[in-house]
Amino acid sequence: MVDGDKSAFLVGEASHGHHQIELSCATCHTEPFGGTEVLQDACTQCHQDELESAHDSHPRKKFSDPRNADLLNVLDARYCVSCHSEHQKDDTLPMGVTVSDDYCFHCHQDIADERESHQDLDYMSCGSAGCHNYHDNRALYEGFLTKHAQEPWLDDIARIGQANYASGHASKSREQDQKAEQEEGAVESKAFHAENPTQHAQWSQSVHEVAGVDCLDCHRDQQTSDGWITEPPMTVCSDCHQNESETYQQGKHGMRLAQGLSAITPSMARHEFVEGSGDLNHSCSSCHDSHDQNTQVAAVEACVGCHADEHSTNFVDSPHGHQWQQFQDGLIDAEQAVSCATCHMPRMTVDNLHAGFALKEWQENDDASAEAIEQSVFVNHNQNDNLRPNEKMLRSVCMNCHGLPFAIDALADDALIQRNFTGQPEAHVESVDWALDRLKPNKAE
Ligand code: HEC
Ligand code: HEC
Ligand code: HEC
Ligand code: HEC
Ligand code: HEC
Ligand code: HEC
Ligand code: HEC
Ligand code: HEC
Ligand code: HEC
Ligand code: HEC
């Protein structure tokens with residue numbers, strides 16, 4: 001448990017989800033020889049909120065029920081490590097799963113017997129055909145499928161409007177600007193403006209200029225409270241942009257920073273990247289130029305400055321990429337365009353970090369209070385929040401523009417994802433048809 005290089009003790013490479021923190025042993029093994037309970041605490045520490053907001057279909061409490069005790073003899077589903085072990089990279093399935101594909105069988109044999117539609121299905125397919133997930137079934141419940149089953153593939157512009165609505169808080173601007181002018185800092189800053197014409201020119205075009213965030217608001221040495229630091233650390237941004245920083249540190253871009261480790265660089269990662277990008281340390285300025293803060297550059301150009309896998313490079317020539325180009329050319333509104341960030345960094349409300357803005361609909365379905373939803377909106381900086389299983393994108397992203405049947409098929413088609421959604425889906429998720437079928441009066445299944 002002492003400091004120092006622990007690579008010699010690593011019993012096997014970590015899974016795709018945790019490889020960035022694999023040498024930080026004490027993150028999971030918080031006590032040496034701690035065993036399953038200690039590991040369980042570590043898992044829930046980091047993942048509890050995410051699973052709760054996904055309305056986890058198999059929470060631990062379901063298995064504390066004595067009536068389910070016999071199920072646990074086969075597979076003890078109270079513990080995460082029963083299905084997500086570590087240090088076995090070669091035997092680990094996508095999403096860190098280390099239990100065999102047909103494990104649903106242990107507990108749900110009855111379904112195959114009771115439901116006509118399910119009779120000839122392979123247990124391998126329960127969790128892989130786009131029909132069910134183990135944890136997150138928010139977009140897959142029967143009621144949800146039937147409610148949205150008749151939607152056309154592409155919706156009218158009116159609904160498209162919701163996807164990219166402008167971030168709602170630029171209005172404080174002028175007032176703050178004037179206040180800042182009166183403060184000492186602004187006067188002090190004047191010299192720096194004159195000395196650095198390039199940065200001054202970029203900054204003058206930025207939202208920070210409008211909001212009265214001056215050079216010294218970022219460049220002041222926070223320890224001594226005066227003086228000039230050349231490279232302001234991320235904590236400077238976090239002080240003013242808490243939600244963005246917090247979510248940034250929950251995903252693959254910032255998870256090392258959350259553990260006090262050095263930032264991730266492409267050369268340490270397991271994806272394909274642009275040649276020459278290997279040494280770039282990830283930080284806010286990877287996407288946001290520190291002085292001009294142009295969010296359009298951040299939404300596509302910045303990403304493809306690093307990511308060079310097939311899916312990423314295919315974006316530019318995809319139908320969504322063409323929409324994005326039309327927006328850049330001023331032909332359509334921001335709300336109608338799709339960028340990398342539209343899918344990977346959707347907007348969400350402050351109160352509910354994981355539910356995204358599909359929250360409203362969800363709460364209405366749950367009959368919970370639909371009040372207190374008009375909070376401010378911000379961009380979720382955790383690219384992993386809706387990434388896997390990818391049905392998470394249905395509610396928070398695709399369904400703002402597309403109908404459910406089209407979008408669910410598109411997300412089940414791996415080749416289509418590789419082409420970054422160029423073309424119609426060739427996969428078909430049948431559960432939508434079955435759900436509709438069961439609504440027919442003569443079906444008593
Ligand atoms: C992301 C969390 C995580 C990190 C980080 C991590 N481990 Fe583990 N480790 C686990 C899990 C989960 C298991 C499996 C427990 C099980 O299946 O019962 C495990 C098992 C082990 C075992 C027992 C292996 C066996 O075959 O029984 C050892 C030894 C071990 N880890 C050492 C380390 C060392 C050393 C490091 C740092 C170099 C490390 N671990 C980092 C999660 C982690
Ligand atoms: C320090 C926080 C932390 C701890 C402790 C931790 N994880 Fe994670 N885990 C993460 C992050 C960050 C990711 C990557 C982002 C993501 O996929 O959501 C991740 C990813 C995952 C994934 C998804 C992998 C994928 O490819 O989508 C699973 C499953 C997972 N963790 C399970 C566990 C289990 C089980 C434990 C306990 C043994 C555990 N985690 C411990 C932070 C943690
Ligand atoms: C009975 C097996 C099983 C158990 C127990 C289990 N998981 Fe999972 N988990 C899965 C499967 C299968 C997936 C793949 C996606 C899916 O089907 O939902 C998954 C996916 C995940 C993911 C990826 C993101 C997501 O929302 O699906 C995370 C994170 C995760 N599990 C964390 C945990 C944690 C933390 C625990 C313990 C509290 C846990 N899991 C217990 C089977 C299990
Ligand atoms: C260890 C036993 C166990 C395993 C393994 C298991 N389940 Fe379940 N599942 C349960 C129990 C218990 C319930 C709750 C039953 C109830 O409420 O009637 C449940 C409920 C469900 C539900 C209804 C969820 C809801 O919120 O209404 C679905 C869908 C489901 N499971 C699918 C799956 C799929 C798909 C798999 C495999 C990927 C799986 N289960 C694996 C025990 C298990
Ligand atoms: C929003 C915070 C912020 C504001 C406001 C800001 N800077 Fe910076 N500046 C940074 C960061 C962060 C860096 C570190 C280099 C990088 O990553 O771009 C930096 C770097 C610099 C550098 C080093 C050369 C370079 O461009 O990397 C100079 C010179 C500079 N800033 C001048 C200024 C001047 C003059 C102003 C006011 C007109 C200003 N900055 C306003 C955040 C800011
Ligand atoms: C003194 C507070 C403060 C600091 C420090 C600060 N910002 Fe800001 N930032 C603001 C305000 C105020 C706005 C205006 C919009 C708003 O209210 O969110 C803004 C807007 C932004 C925007 C939105 C631009 C747009 O076009 O909508 C980005 C991106 C941004 N900041 C990034 C950063 C980064 C990166 C850093 C650190 C290098 C940083 N900010 C430091 C206060 C700050
Ligand atoms: C992976 C690229 C990336 C990184 C890294 C990144 N951002 Fe952003 N950020 C974006 C994109 C893209 C948008 C605009 C998304 C859109 O308009 O659809 C954005 C928007 C913003 C906004 C304005 C919208 C809002 O949420 O109110 C702020 C403020 C912001 N980022 C701050 C930060 C801070 C602070 C950091 C570092 C902790 C950071 N960003 C790191 C890509 C990034
Ligand atoms: C400075 C280079 C850099 C930039 C810029 C960047 N990324 Fe990343 N990205 C990475 C690295 C490194 C990883 C970690 C991959 C790993 O752990 O294997 C990553 C991970 C991801 C992941 C998770 C992949 C997974 O399998 O879990 C997604 C999604 C992603 N980035 C999307 C984006 C988007 C969208 C943008 C632009 C808004 C962007 N990235 C900008 C370097 C970058
Ligand atoms: C229409 C929505 C959409 C757009 C636009 C989009 N992606 Fe993705 N992206 C996805 C989906 C869906 C996945 C697959 C998730 C899964 O099933 O593993 C994905 C996966 C990824 C991954 C992980 C790849 C891997 O091998 O695991 C990265 C990195 C990524 N996207 C980056 C980007 C970048 C960069 C852009 C823009 C150039 C972009 N994406 C545009 C939806 C989108
Ligand atoms: C902001 C609205 C918007 C969002 C969000 C969006 N799309 Fe699209 N999508 C469009 C538009 C508009 C087109 C048609 C572009 C054209 O025909 O030029 C399109 C085209 C497509 C196509 C290509 C159809 C073809 O015949 O070539 C696929 C596949 C697709 N979208 C899937 C998705 C998926 C999956 C998601 C969610 C991950 C998604 N889209 C999110 C607006 C959107």
Side-chain angles (χ1 to χ4, degrees), residues 1-66 68-104 106-107 127 133-137 246-247 249-262 264 268-270 353-354 382 384-385 387-389 392:
M1 302 300 278
V2 293
D3 290 341
D5 182 6
K6 303 206 179 60
S7 44
F9 302 106
L10 194 62
V11 286
E13 270 184 74
S15 60
H16 185 77
H18 298 136
H19 77 93
Q20 294 190 19
I21 55 168
E22 70 183 2
L23 292 181
S24 184
C25 318
T27 321
C28 297
H29 301 284
T30 52
E31 281 170 36
F33 313 110
T36 313
E37 291 291 351
V38 163
L39 278 171
Q40 182 74 13
D41 287 344
C43 314
T44 46
Q45 181 89 34
C46 291
H47 291 290
Q48 179 95 320
D49 289 352
E50 172 191 356
L51 291 180
E52 257 172 31
S53 60
H55 295 248
D56 191 357
S57 298
H58 297 91
R60 189 179 173 126
K61 60 175 185 293
K62 246 181 202 171
F63 301 105
S64 317
D65 186 336
N68 289 328
D70 53 330
L71 299 177
L72 303 180
N73 293 332
V74 194
L75 182 68
D76 195 345
R78 290 172 305 167
Y79 294 103
C80 316
V81 294
S82 301
C83 303
H84 302 286
S85 196
E86 259 305 343
H87 311 301
Q88 320 180 4
K89 183 174 158 247
D90 294 338
D91 301 320
T92 305
L93 302 169
M95 289 178 272
V97 177
T98 48
V99 70
S100 72
D101 275 345
D102 61 353
Y103 71 100
C104 312
H106 295 310
C107 305
N133 289 318
Y134 184 74
H135 298 295
D136 184 349
N137 285 294
E246 215 172 89
T247 48
Q249 292 181 57
Q250 287 163 357
K252 288 276 177 66
H253 286 155
M255 68 187 281
R256 283 178 58 87
L257 296 172
Q259 296 307 318
L261 304 168
S262 65
I264 185 77
M268 290 151 74
R270 291 184 179 166
L353 282 183
H354 297 278
N382 174 3
N384 287 88
D385 193 47
L387 190 65
R388 282 184 287 261
K392 284 178 197 261

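Index from 1, following the sequence.
A distance of 8.0 Å separates CG of Asp70 from CG of Leu72, quoted to the nearest 0.5 Å. In this structure, CE in Met268 is found 4.5 Å from OG in Ser262, a value given to the nearest 0.5 Å. Taking OG of Ser82 as the start and CZ of Phe63 as the end, the distance is 10.0 Å to the nearest 0.5 Å. To the nearest 0.5 Å, atoms NE2 (His16) and CZ (Arg388) are separated by 4.0 Å. Taking CG from Asp91 and OG from Ser15, the interatomic distance works out to 12.5 Å, rounded to the nearest 0.5 Å. With rounding to the nearest 0.5 angstrom, the SG atom of Cys43 is 9.0 Å from the CD atom of Glu86.
Other residues, nucleotides and ligands contribute over 12 non-hydrogen atoms within 6.0 Å of the CD atom of Gln48.
Listed here is the closest heavy atom pair of Ile264 and Gln20: CD1-CD, 3.5 Å. Nearest heavy-atom pair, Thr247 versus Asn382, reported as atom, atom and distance to 0.1 Å: O-CB, 3.2 Å. Among all heavy-atom pairs drawn from Cys25 and Lys6, the shortest one is SG-CD, 3.4 Å. Cys28 and Ala42 get closest at one heavy-atom pair: O-CB, 3.5 Å. Minimum interatomic distance between Ser57 and Tyr134 (heavy atoms only, all atoms of both residues): CB-O, 3.6 Å. Minimum heavy-atom separation, Tyr103 to Leu75: CD1-CD2, 3.9 Å.
Residues satisfying the salt bridge (charged side-chain N to carboxylate O under 4.0 Å, His left out) criterion with Arg78, sequence neighbours excluded, are Asp76.
Side-chain atoms of Met255 and Ile21, non-hydrogen and from C-beta on, do get closer than 4.5 Å to each other. You'll find the side chain of Gln250 stays beyond 4.5 Å of the side chain of Asn384, heavy atoms only.
A donor-acceptor contact shorter than 3.5 Å is absent between the side chain of Asp56 and the backbone of Leu51.
A salt bridge is defined here as a Lys NZ or Arg NE, NH1 or NH2 lying under 4.0 Å from an Asp or Glu carboxylate O, and Arg270 with Glu13 meets this definition.
Using cut-offs of 30° and 60° for the angle between ring planes, the His18 and His47 rings count as tilted.
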How far apart are the C-alpha atoms of His87 and Leu10, what are their side-chain angles, what is the distance that settles it, and do they pass the side chain to side chain contact (heavy atoms under 4.5 Å, CB included) test?
-> CA-CA 8 Å; His87 311 301; Leu10 194 62; 4.1 Å; yes
Going through the checks in order, is the side chain to side chain contact (heavy atoms under 4.5 Å, CB included) test met by Leu39 and His29?
-> CA-CA 6 Å; Leu39 278 171; His29 301 284; 3.9 Å; yes
What donor-acceptor contacts under 3.5 angstrom involve side-chain atoms of residues 93-101, with partners at least two apart or in another chain?
unit_1: Thr98; atom_1: OG1; unit_2: Cys83; atom_2: O; d: 2.9
unit_1: Thr98; atom_1: OG1; unit_2: Ser85; atom_2: N; d: 2.8
unit_1: Ser100; atom_1: OG; unit_2: Asp102; atom_2: OD1; d: 2.8

